[in-house]
Novice: 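One structure follows; several queries about it will come next.
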Amino acid sequence: MKTAYINDVAYPFETGETMLSFIRRQTDPDLVPTLCDAPNLDPFGACRVCSVEVAAEQGGRLRTMASCHTPVGEGQYIYTSTPSIQKLRKNIIELVLTDHPLDCLTCEVNGNCELQTVAAQVGIRQVRYPEGETHLHREKDLSHPYMTSDLSKCINCYRCVRACDEVQGEFVLSMAGRGFDAHIIKGLDQTFMTSDCVSCGACSQACPTSAISDVFQSKSVQATETTRTVCTYCGVGCNLEVGTRNGEILSITAPYDAEVNQGHTCLKGRFAFQFYNHPERLDAPMIRRNGTLEKVSWEEVYDYIAEKFTHYRETYGPDSLAGISSSRCTNEENYLMQKFFRAVIQTNNIDGCARVCHSPTALGMQRTFGTGAATNSIDDLKHTDCILVIGANPTDAHPVTGAKLKQFAMKSDKVSIVIDPRRTELARYATHHLALRPGTNVAVLNMMMYYIVTEGLVDDAFIGGRTEGYEAFKAELLAIDLDRLEAVSGVPREEVREAAIAYATAPNAMSFHGLGVTEHSQGTFTVMQIADLAMLTGNIGRKGVGVNPLRGQNNVQGSADMGVQPHQGAGYLDVTRPEVARRYSEFYRAEVPSHIGYKIPEMFQAAMDGKLKALWIIGEDVVQTDPNTQKVIRALEATELVIVQELFMTETAKYADVVLPGASFLEKSGTFTNGERRVQAVRRVVEPIPGTKPDGQIIVDLMNRMGYPQPDYTPEGMLEEISQIVPFFAGIRWERLGKNGLQWPVAPDGTDTKILHRDDFKRGLGYFEFHSWEETAEITEHGERYPYILTTNRELEHYNCGAMTRRTPNGQLLQSDYLMIHPEDARENGISDGDFVCLESPRGKVDVKARVTDEVRQGVLSTTFHFPDIMVNNITSDIHDSEAMCPEYKVVAVRIRKSKGKFKAMLEGKQV
Ligand SMILES: Nc1nc2c(c(=O)[nH]1)N[C@H]1C(S)=C(S)[C@@H](COP(=O)(O)OP(=O)(O)OC[C@H]3O[C@@H](n4cnc5c(=O)[nH]c(N)nc54)[C@H](O)[C@@H]3O)O[C@H]1N2
Ligand SMILES: Nc1nc2c(c(=O)[nH]1)N[C@H]1C(S)=C(S)[C@@H](COP(=O)(O)OP(=O)(O)OC[C@H]3O[C@@H](n4cnc5c(=O)[nH]c(N)nc54)[C@H](O)[C@@H]3O)O[C@H]1N2
Ligand SMILES: [Mo]
């Protein structure tokens with residue numbers, strides 16, 4: 001261990017450590033003031049406030065150095081507060097203040113102004129220099145709903161510029177001008193609104209003054225309390241620090257010590273929270289009588305539901321009832337919902353949004369490895385040499401992880417491979433972009449594996465020692481018809497070969513995949529191929545490798561872990577195995593059936609066949625988001641009792657017979673499990689909005705009302721119960737979760753797991769199984785009459801059905817869905833940018849505004865599904881993945897024309 005001295009006391013230091021980090025670690029973190037330094041940014045050395053005096057040996061000549069970017073040397077003597085250093089710091093701060101609004105020292109605008117703190121720290125009470133020429137007249141930027149800038153307060157520390165570059169990777173902010181004229185600009189001297197800013201707020205969090213700030217923070221009200229919780233949007237699981245005052249949420253920032261997001265979030269996590277007290281929040285239970293929903297008391301609604309449920313159960317049997325649970329809700333709530341159906345109703349008819357999302361991931365990875373979850377952690381990006389991103393668009397859909405992947409692709413000399421029909425943001429920086437035709441993943445991945453085998457790049461030791469089925473797999477793989485696969489996928493074989501070699505020769509390669517993989521008729525097979533790729537090349541069981549699905553919803557991993565699936569109960573135990581049914585029955589003290597329940601599409605079919613009488617849906621807008629909307633509506637209409645438990649009157653709630661008002665993530669406690677199997681604590685920030693209840697409490701109330709004794713909803717109590725039945729939750733306790741949660745499996749002593757399958761797979765040996773590419777029935781049956789392929793993507797600003805994000809100022813940032821169409825296709829059909837396009841599929845028609853762009857290839861169109869006035873799912877099909885029944889949203893056969901009538905009028909600006 002090497003030693004250096006701080007103010008004549010010896011301390012050990014780590015090689016390469018900066019003086020500042022050494023001093024902060026070994027002494028008082030506030031001993032040395034700083035301005036341009038920030039916890040999540042690289043050392044910069046611009047402001048010199050952190051200067052210290054350093055001698056090479058005791059009594060040696062003292063030299064002044066910026067501690068933030070100077071590494072500690074063996075035997076050095078560092079002095080942090082000599083008179084000359086104190087004078088230097090004071091002078092620097094005084095100069096900074098001279099060019100800063102003079103009320104600064106007493107200013108209360110931004111309670112956490114670091115300049116003010118540092119000024120106090122170095123002992124400045126007033127500024128000596130006379131007012132000369134200053135920058136105090138800069139115009140404010142009030143263009144954006146979330147961020148403002150008042151650059152008269154800027155001290156040119158570059159923190160915002162560095163945050164935009166190092167954290168988000170957007171390069172919107174830069175310093176223009178020289179000397180006295182040096183100033184921050186956005187884009188080409190634009191505003192937040194007109195520049196390429198993605199509104200992540202990293203700059204405003206980084207700014208030490210309030211030159212750039214959140215609109216919420218720049219209001220003069222300051223938070224009196226902060227609560228750490230987890231974001232409700234995507235599966236990244238960012239930690240949030242929510243500031244409140246008198247029970248009202250004022251602002252959200254990102255904690256620097258969050259292992260998931262290190263001080264970063266996207267605009268949804270940081271800003272899009274005002275849905276929680278939106279005037280349209282549901283605030284009372286309702287029962288439909290004579291066609292209208294009437295507000296009733298909780299007592300009345302519970303009696304009504306319990307009576308109906310009991311009636312259906314006794315008259316038509318337990319399988320006449322079904323539940324759809326919500327991946328937006330906590331683990332504890334999902335556990336309770338599946339327990340309600342299994343133990344109280346005694347049916348396995350319970351499913352969740354994973355069905356329409358990553359169900360093929362869970363199934364495919366279970367078949368190949370034994371466990372249907374990400375093998376590694378996002379932090380492993382630091383240890384990998386190659387990323388393969390297939391069918392995922394993380395810079396929009398998983399923005400904090402997306403920013404890390406983008407930084408990797410943009411700034412490292414390592415390899416990145418993107419397989420996506422669109423030129424996504426990542427594809428622009430990728431070493432290899434394979435722009436395949438939607439629906440041909442299996443073709444392209446088989447070609448990739450063919451080249452890995454024929455180029456002799458397989459890891460024989462791994463295959464020999466840890467897998468089975470390889471020889472048969474290889475024989476079929478070598479027999480593929482390259483000419484045909486090249487033709488159908490539209491990707492030149494040489495491009496595939498290069499990508500294959502790059503992946504296979506990287507010392508460590510990590511794959512990430514999304515819905516472009518799963519939402520297909522061959523979704524499960526594609527997931528198995530991604531797992532095969534990893535096994536072929538030995539990319540399993542250590543840092544920087546593995547198969548990493550980018551799970552969608554904040555708690556979709558957790559809802560399946562908790563048993564929200566019709567074939568596996570809590571902890572993925574197969575309900576058809578007699579010993580499992582017995583175990584659940586004993587644990588729940590109720591007879592749990594051993595036949596598989598309905599998956600969501602089967603629920604709808606059963607409803608139309610008159611077999612399903614009651615459906616209880618929590619937090620899922622199936623009318624807007626499930627495929628083939630009209631069919632979903634018919635199914636809901638055919639169901640006698642539809643209960644919708646929601647925050648808002650969604651498209652689905654409009655078809656409800658009973659509406660229950662749930663409380664949002666900000667109003668309850670529990671846990672969410674992110675895409676890296678990380679179980680994190682969600683902590684109540686404010687009381688439930690009057691009239692609402694936490695979803696878990698509603699389920700508990702109904703369990704009791706139906707005669708099943710279940711204690712009140714508390715995260716501690718529920719986790720205690722869950723840990724007894726879910727094997728990989730054995731060591732999870734509320735009080736053990738701490739700040740950054742635990743990654744399952746968690747042993748009884750609380751030890752968690754960062755990397756799966758280190759020595760063995762869950763199923764013993766990894767399993768190779770070959771699948772050949774098949775054209776989807778959507779194309780073989782309808783392709784000729786509907787010659788274009790429509791696929792879906794997501795927009796950064798809106799989240800799925802948009803019920804929440806449309807009720808925040810995100811609605812000002814993006815106001816509608818639009819259709820990406822290639823310039824050639826647009827020209828052939830007489831469509832210009834901004835025209836409405838009528839998309840017609842065998843199911844129906846919708847009209848969407850065109851954005852002419854070469855991000856999509858000719859013949860391929862892409863749109864989003866965030867706005868109910870467009871309702872793109874009116875035209876998606878109910879073809880499903882052959883194995884997991886995930887809908888094939890990503891391949892829809894359509895024909896197109898410029899919209900007429902109503903949409904033409906709309907286009908011309910007339911009222912319609
Ligand atoms: N802002 C925002 N974030 C979200 C969501 C949101 O709605 N908005 N939703 C959340 C949810 S629930 C989920 S599941 C995730 C989804 O996140 P992603 O998995 O990234 O989902 P998508 O953007 O729908 O699709 C990913 C990509 O698949 C591509 N693709 C389409 N067809 C094919 C194909 O045949 N092959 C290949 N290789 N690629 C194809 C599309 O072009 C698209 O770029 O995002 C989550 N995060
Ligand atoms: N065309 C097309 N359609 C798609 C997709 C696609 O790629 N293309 N993707 C599919 C995918 S991957 C998914 S996951 C689905 C998502 O579809 P949904 O699950 O329907 O989407 P969300 O917008 O997440 O809807 C969740 C609902 O939960 C409510 N909610 C949020 N928090 C709570 C809570 O704490 N309690 C209660 N009770 N309610 C709450 C919200 O108000 C919202 O209405 O969409 C699918 N639909
Ligand atoms: Mo999803």
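Whatever order the structure lists ligands and atoms in, that order sets their numbers, starting from 1. Atoms considered below: every heavy atom in the structure, side chains included; atoms not considered: hydrogens, waters and symmetry mates.
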Novice: Using a plain distance cutoff, I'd like to know if Ile419 has any nitrogen or oxygen under 3.5 Å from a nitrogen or oxygen of ligand 1.
Specialist: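 For ligand 1, there is an N or O atom that lies under 3.5 Å from one belonging to Ile419.
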Novice: Does Arg422, backbone or side chain, put an N or O under 3.5 Å from an N or O of ligand 1?
Specialist: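 Yes: some nitrogen or oxygen of Arg422 is under 3.5 Å from one in ligand 1.
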Novice: Can you figure out which of Lys693, Lys890, Glu651 has its heavy atom closest to atom 7 (O) of ligand 2?
Specialist: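 It is Lys890 that holds the nearest heavy atom.
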Novice: Give a yes/no verdict on whether any heavy atom in Glu519 is under 4.0 Å from an atom of ligand 1.
Specialist: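 Glu519 does not count as a contact of ligand 1 under the 4.0 Å cut-off.
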Novice: Using a distance-only test with no angle check, is there a side-chain donor-acceptor pair under 3.5 angstrom linking Thr361 and His513?
Specialist: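 Yes, His513 and Thr361 have a side-chain donor paired with an acceptor closer than 3.5 Å.
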Novice: So, regarding Thr876 and ligand 2 (criterion: nitrogen or oxygen to nitrogen or oxygen, under 3.5 Å), is there a contact or not?
Specialist: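 Such a contact does not occur with ligand 2.
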Novice: What protein heavy atom lies closest to atom 40 (C) of ligand 2? Include the residue and the distance to one decimal.
Specialist: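 The answer is Leu647 CG, 3.6 Å.
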Novice: Can you check which of Gly514, Pro549, Gly552 brings a heavy atom nearest to atom 11 (C) of ligand 1?
Specialist: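 Nearest option to atom 11 (C) of ligand 1, by heavy atoms: Gly552.
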Novice: For Ser862 and Asn793, test the side chains for any donor-to-acceptor distance below 3.5 angstrom and give the result as yes or no.
Specialist: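 On atom types as modelled, these side chains qualify, holding a pair under 3.5 Å.
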Novice: Side-chain contact, heavy-atom cut-off 4.5 Å: Ile305 with Ile643?
Specialist: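 The answer is yes, as the side chains (C-beta and beyond) meet within the 4.5 Å cut-off.
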Novice: Geometry only, no angles: is Ser664 polar-contacting ligand 2 at N/O separations under 3.5 Å?
Specialist: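 There is no such contact.
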Novice: Looking at Thr424, which atoms of ligand 1 are within less than 4.0 Å of one of its heavy atoms?
Specialist: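 The atoms of ligand 1 under 4.0 Å from a heavy atom of Thr424 are 44 (O).
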Novice: For the side-chain contact (heavy atoms from CB on, under 4.5 Å) test, which of Ile896, Val860, Val846, Val872 pairs with Leu790?
Specialist: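 Checked Ile896, Val860, Val846, Val872 against Leu790; only one passes side-chain contact (heavy atoms from CB on, under 4.5 Å): Val872.
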Novice: By number and element, which atoms of ligand 1 are closer than 4.0 Å to a non-hydrogen atom of Thr791?
Specialist: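 Near Thr791, the atoms of ligand 1 are 31 (C), 32 (N).
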Novice: With a 4.0 Å cut-off on heavy atoms, is Lys268 in contact with ligand 1?
Specialist: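 Flag set, Lys268 near ligand 1.
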Novice: Is His866 touching ligand 1 with its side chain, its backbone, both, or neither, if touching means heavy atoms under 4.0 Å apart?
Specialist: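 For His866, the contact with ligand 1 is made by the side chain alone.
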Novice: Would Trp616 and Phe340 count as a ring pair (Phe, Tyr, Trp, His ring centres under 6.0 Å) here? Give the steps.
Specialist: CA-CA 11 Å; Trp616 179 6; Phe340 182 90; 5.1 Å; yes
Novice: Geometry only, no angles: is Gln553 polar-contacting ligand 2 at N/O separations under 3.5 Å?
Specialist: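 Yes, at least one N or O pair falls under 3.5 Å.
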Novice: Please write down residue, atom name and distance for the protein heavy atom closest to atom 27 (C) of ligand 1.
Specialist: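 Looking at atom 27 (C) of ligand 1, the protein heavy atom closest to it is Asp420 OD2, 3.3 Å.
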Novice: Taking both backbone and side-chain atoms of Gly619, is any N or O found less than 3.5 Å from an N or O belonging to ligand 2?
Specialist: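 Yes, there is a polar N/O contact under 3.5 Å.
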Novice: Counting only heavy atoms, which portion of Cys801 has something under 4.0 Å from ligand 2: side chain, backbone, both, or neither?
Specialist: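 Both backbone and side chain.
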Novice: Hey, can you tell me if Phe271 and Tyr146 have their rings parallel, tilted or perpendicular (30° and 60° cut-offs)?
Specialist: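 Correct class here is parallel.
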Novice: Assess whether salt bridge (charged side-chain N to carboxylate O under 4.0 Å, His left out) is satisfied between Lys406 and Glu425, documenting all intermediate values.
Specialist: CA-CA 8 Å; Lys406 183 175 163 188; Glu425 190 178 8; 2.6 Å; yes
Novice: Counting only heavy atoms, which portion of Thr650 has something under 4.0 Å from ligand 2: side chain, backbone, both, or neither?
Specialist: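 Looking at Thr650 and ligand 2, just side chain atoms fall under 4.0 Å.
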Novice: Please state which part of Cys357 comes within less than 4.0 Å of ligand 2, counting heavy atoms only: side chain, backbone, both or neither.
Specialist: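 For Cys357, backbone and side-chain atoms both sit under 4.0 Å from ligand 2.
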Novice: From atom 13 (C) of ligand 2, work out which of Ile617, Asn555, Val356, Leu515 has a heavy atom at the shortest distance.
Specialist: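 It is Val356 that holds the nearest heavy atom.
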Novice: Could you tell me, atom by atom, which parts of ligand 2 come under 4.0 Å of a heavy atom of Cys329?
Specialist: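 Close to Cys329: 34 (C), 35 (O), 36 (N).
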Novice: For ligand 1, is there an atom lying under 4.0 Å from some heavy atom of Leu796?
Specialist: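 Yes; Leu796 lies near enough to ligand 1 that a heavy-atom distance drops under 4.0 Å.
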Novice: Please evaluate residues Lys845 and Asn874 with respect to the criterion side-chain contact (heavy atoms from CB on, under 4.5 Å), reporting the C-alpha separation (whole Å), side-chain torsions for both, the decisive distance (0.1 Å), and the verdict.
Specialist: CA-CA 7 Å; Lys845 297 189 240 193; Asn874 268 313; over 6 Å; no
Novice: Can we say Asp817 and Lys849 salt-bridge, meaning some charged N sits less than 4.0 Å from an Asp/Glu carboxylate O?
Specialist: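 Judged by the 4.0 Å cut-off on N to carboxylate O distance, Asp817 and Lys849 do not form a salt bridge.
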Novice: Taking it one step at a time, do Asn441 and Ile390 satisfy side-chain contact (heavy atoms from CB on, under 4.5 Å)?
Specialist: CA-CA 9 Å; Asn441 289 322; Ile390 164 163; 4.2 Å; yes
Novice: Would you mind running through ligand 1 and noting each atom that sits below 4.0 Å from a heavy atom of His520?
Specialist: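 Contacts of ligand 1 toward His520, numbered from 1: 32 (N), 33 (C), 34 (C), 35 (O).
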Novice: Just to be sure I'm reading this right: ignoring hydrogens, which of Pro438, Pro399, Pro421 gets closest to atom 30 (N) of ligand 1? Compare them by their nearest heavy atoms.
Specialist: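 It is Pro421 that holds the nearest heavy atom.
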Novice: Out of Glu855, Arg794, Gln522, who gets a non-hydrogen atom closest to atom 6 (C) of ligand 1?
Specialist: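 Looking at heavy atoms only, Arg794 sits closest to atom 6 (C) of ligand 1.
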Novice: With a cut-off of 4.0 Å, which atoms of ligand 1 are near a heavy atom of Asp396?
Specialist: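 Heavy-atom distances to Asp396 below 4.0 Å select 1 (N), 2 (C), 3 (N).
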Novice: If hydrogens are left out, which of Cys266, Ala435, Ala397 has an atom nearest to atom 45 (O) of ligand 1, that is, the closest non-hydrogen atom?
Specialist: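 Minimum heavy-atom distance to atom 45 (O) of ligand 1 goes to Ala397.
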Novice: Looking at the rings of Phe512 and His398, which for Trp means the six-membered one, are their centres under 6.0 Å apart?
Specialist: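 That pair fails the under 6.0 Å test.
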Novice: What atoms in ligand 1 come closer than 4.0 Å to a heavy atom of Leu436?
Specialist: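 Within the 4.0 Å cut-off of Leu436, ligand 1 contributes 36 (N), 37 (C), 38 (N).
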Novice: For atom 43 (C) of ligand 2, which candidate among Glu646, Arg328, Arg551 holds the nearest heavy atom?
Specialist: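 Result: the heavy atom closest to atom 43 (C) of ligand 2 is in Glu646.
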Novice: Under a 4.0 angstrom heavy-atom cut-off, which atoms of ligand 1 come close to Glu795?
Specialist: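 Once the distances to Glu795 are compared, the set is 1 (N), 2 (C), 8 (N).
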Novice: Ligand 1 and His358, any nitrogen or oxygen pair closer than 3.5 angstrom?
Specialist: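 Between His358 and ligand 1, no N or O pair is found under 3.5 Å apart.
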Novice: Provide the number and element of each atom of ligand 2 under 4.0 Å from a heavy atom of Gln645.
Specialist: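 Reading through ligand 2 atom by atom, the close ones are 38 (N).
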Novice: Can you find a non-hydrogen atom of Ala663 under 4.0 Å from ligand 2?
Specialist: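 For ligand 2, residue contact (heavy atoms, under 4.0 Å) with Ala663 is present.
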Novice: Measuring from atom 17 (O) of ligand 2, which candidate in Ile875, Val682, Thr625 has the nearest non-hydrogen atom?
Specialist: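 Comparing heavy atoms across Ile875, Val682, Thr625, the nearest one to atom 17 (O) of ligand 2 lies in Thr625.
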Novice: Under 4.0 Å, counting heavy atoms only: does Ser862 come that close to any atom of ligand 1?
Specialist: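 Ser862: no contact with ligand 1 (<4.0 Å).
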Novice: So is there a nitrogen or oxygen of His798 less than 3.5 Å from a nitrogen or oxygen in ligand 1?
Specialist: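 Yes - when backbone and side-chain N and O of His798 are compared with those of ligand 1, one distance drops under 3.5 Å.
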Novice: Counting only nitrogen or oxygen atoms and a 3.5 angstrom limit, does Thr792 reach ligand 2?
Specialist: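 There is such a contact, yes.
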Novice: Tell me whether Asn800 has any N or O atom under 3.5 angstrom from an N or O of ligand 1.
Specialist: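 Between Asn800 and ligand 1 (N or O atoms, distance only) the closest approach is under 3.5 Å.
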Novice: Return a yes/no value for Thr232: is any of its N or O atoms, backbone included, closer than 3.5 angstrom to an N or O of ligand 2?
Specialist: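 N/O-N/O distance below 3.5 Å does not exist for this pair.
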Novice: Quick check with a 6.0 Å cut-off and a 45 degree axis cone: is Arg807 positioned over the face of Phe275's six-membered ring?
Specialist: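 No, Arg807 and Phe275 do not form such a contact.
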Novice: Could a heavy atom of Glu333 be found less than 4.0 Å from some atom of ligand 2?
Specialist: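 No, Glu333 has no heavy atoms under 4.0 Å from ligand 2.
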Novice: Can you list the steps and then say if Asp695 with Lys668 is a salt bridge (charged side-chain N to carboxylate O under 4.0 Å, His left out)?
Specialist: CA-CA 9 Å; Asp695 296 276; Lys668 60 193 177 192; 2.6 Å; yes
Novice: What atoms of ligand 1 come closer than 4.0 angstrom to any heavy atom of Asn793?
Specialist: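 Here the atoms of ligand 1 in question are 23 (O), 24 (O).
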Novice: Report yes if some N/O of Asn441 lies less than 3.5 Å from some N/O of ligand 1; otherwise report no.
Specialist: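 For ligand 1, there is an N or O atom that lies under 3.5 Å from one belonging to Asn441.
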Novice: Does some non-hydrogen atom of Gln624 fall short of 4.0 Å from ligand 2?
Specialist: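 Judged by the 4.0 Å heavy-atom criterion, Gln624 does not count as contacting ligand 2.
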Novice: Below 4.0 Å from any atom of ligand 2, is there a heavy atom belonging to Lys668?
Specialist: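 Contact check Lys668 vs ligand 2: positive.
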